[in-house]
Number of protein chains: 2
Amino acid sequence: MSSTVVKALMLLEHFSEDEPELGLSELARRSGVDKAAVHRMLGAMAETGLVEQQADSRLYRLGAGVLRLARVRETAFPISSIVQPILDTLSAETGETAHASLISGRALANIATCESKKGSRVSLIAGEVLPYHSTASGLAVLAFGGDALLQRVLSTSLEAKTRFTVTEASELGARVDVTREKGFSESDQTNEEDVHGIAAPVFDRTGMACGAVSVSTPSHRMTEVQRDLTIGAVLRAGSAITDGLGGQRPRSYADLIAPLMTGS
Amino acid sequence: MSSTVVKALMLLEHFSEDEPELGLSELARRSGVDKAAVHRMLGAMAETGLVEQQADSRLYRLGAGVLRLARVRETAFPISSIVQPILDTLSAETGETAHASLISGRALANIATCESKKGSRVSLIAGEVLPYHSTASGLAVLAFGGDALLQRVLSTSLEAKTRFTVTEASELGARVDVTREKGFSESDQTNEEDVHGIAAPVFDRTGMACGAVSVSTPSHRMTEVQRDLTIGAVLRAGSAITDGLGGQRPRSYADLIAPLMTGS
DNA sequence: CACCAGTGTTGATAATATAACACCGATAGG
DNA sequence: CCTATCGGTGTTATATTATCAACACTGGTG
């Protein structure tokens, strides 16, 4: 069912900002894969520089190869450099943390962020993988990313990240419909406690959503005024990023959000 | 002998700044792997977001996953951000193109560059993979990266990149010895025509070389004066990077290069 | 229009790399 | 000194993968 390559690459998901170095046994435990298999996979990935092993502690971490690959991609398709300034203004306009993510296989990859300047803010782990079903960004992508993607996600089991997470396919489908009608998505504490998210889709040049831009606000601070302000700002940012990437908004979507994109 | 994971990841080496998008057949041809196998491997890597397939043209390119991974690594171990300013001053001091690379599996990965401002300059492809045996950076790493690495490289077949490339293991060993005695490495047109390189090793905290910093000068422009200037600047840059990464120079090496690090 | 050369994709079967298990030496703590 | 970790290693049955061929499709050409 699942190829060894996928299994090996899934191991990389366990490296995070908080735990950038992991031991063999630890990694085997978390991934639920046999220790010997993990050892072989890490060895294979080390050969190509995707991971590297500390000589002394024997811990593994992401290798220099990922930097090289990112450079190749970013040089050819400068996404991050286009997105970052837009996120900065989005964060400034709303006063909250903004981030952008792109479709990356079976999940969303957070590729750029701008944290709020406030002391109390939503702080997210760099390079986190965001599930489609529990985040505002995910909803935005599901709503405008085509039926194939939506069906695939609906047919998977939806993990409950908090007590508010939608775990029923039918209800998730309903939320996607709402998102499609409104032109933006909204989620309250479905991925993390006390985090409210508002997101807008980003389109590629075929008119399909390829990612999303989102603003995360502490739930207790979210007011009606703040909400309206954020929706307009997020939609403008989404459009700006779509344009920056050479993407194309579907006509119906452009008409839909036009009245909402008030403000400067 | 060779695992499927390695074979799959080797496919990624064929993506470059010049050719960021490749078709299935093209990739199969270059890698010498069966088309069907390449198809399955790319599919597997697409599942995890390491590559992505254009919906319309069906071409493959590096995916958003690599950006995410690079963010995780760079947040935890901010190498690029430490190296870049040092490269900038190195390039300013020498007037030529400077770059830094790290050990990445079986080769060196170029992770940061600063191009010369001159019209005639050495321009290198972003994210290029540098062979150990044909580059000044490679020599520097081989000389100070431990015997295990050196033996492994010496036992492989050395591809002739130009008519000056060293392809005999014995001669390469001799050049490594010279490098070890001098404290820096030098190569003239061994990797590319009309490119002269001078490189210094970068050490990790165990005192082993983990990478190198190098200045590439058009061969015809390399004079005695320029050479002395460059050697001092490269050695200073190497030391600065080693310090910035929390690395540790071996005592013997520090004594060796001390008299050469003249200038500011 | 038929043809051709190219593409991406999919099955079938045979070959082989892989998963699983127990095991090893080393290290650290009680 | 015993126990519980750790990283790493063999070995064999098994499941995945490589290989080959054929497929449907495209765009260009006679």
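Letters A, B, ... mirror the listed sequences (proteins, then strands); counts begin at 1.
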* **From B:Ile79, B:Val202, B:Val141, residue fulfilling side-chain contact (heavy atoms from CB on, under 4.5 Å) relative to B:Cys210** => B:Val202
* Check whether the side chains of B:Asp204 and B:Thr206 place a donor and an acceptor atom closer than 3.5 Å, and report yes or no. => yes
* Quick one: B:Met10 CE to D:dA18 P, roughly how many Å, whole number? -> 13 Å
* Asked: Quick one: is A:Thr4 getting a side-chain N or O under 4.0 Å of the D:dT17 phosphate, OP1 or OP2?
  -> yes
* To do: Measure from CD on B:Gln54 to C1' on D:dT26 and round the result to the nearest Å.
  => 18 Å
* To do: Return yes if some donor-acceptor pair links the side-chain N/O of A:Ser185 with the main-chain N/O of A:Ala136 below 3.5 Å, else return no.
  => yes
* Asked: Please give, in whole Å, the distance from C:dA17 P to B:Arg40 CZ?
  -> 13 Å
* To do: With A:Arg71 as reference, evaluate B:Val66, B:Asn110, B:Leu62 under the side-chain contact (heavy atoms from CB on, under 4.5 Å) test and give the passing residue.
  => B:Asn110
* Reading 5' to 3' through nucleotides 3-13 of chain D, protein heavy-atom contacts under 4.0 Å coded B for base, S for sugar-phosphate only, - for none -> ---SBBBB---
* Might you point out which heavy atoms bring B:Pro201 and B:Tyr253 nearest each other, and give the distance in Å? => CD-OH, 3.3 Å
* Run the salt-bridge test on A:Arg106 and A:Glu13 with the 4.0 Å N-O cut-off and return the result as yes or no. => no
* Asked: Taking atom P of C:dA17 as reference, at what distance in whole Å does atom CE of B:Met41 sit?
  -> 12 Å
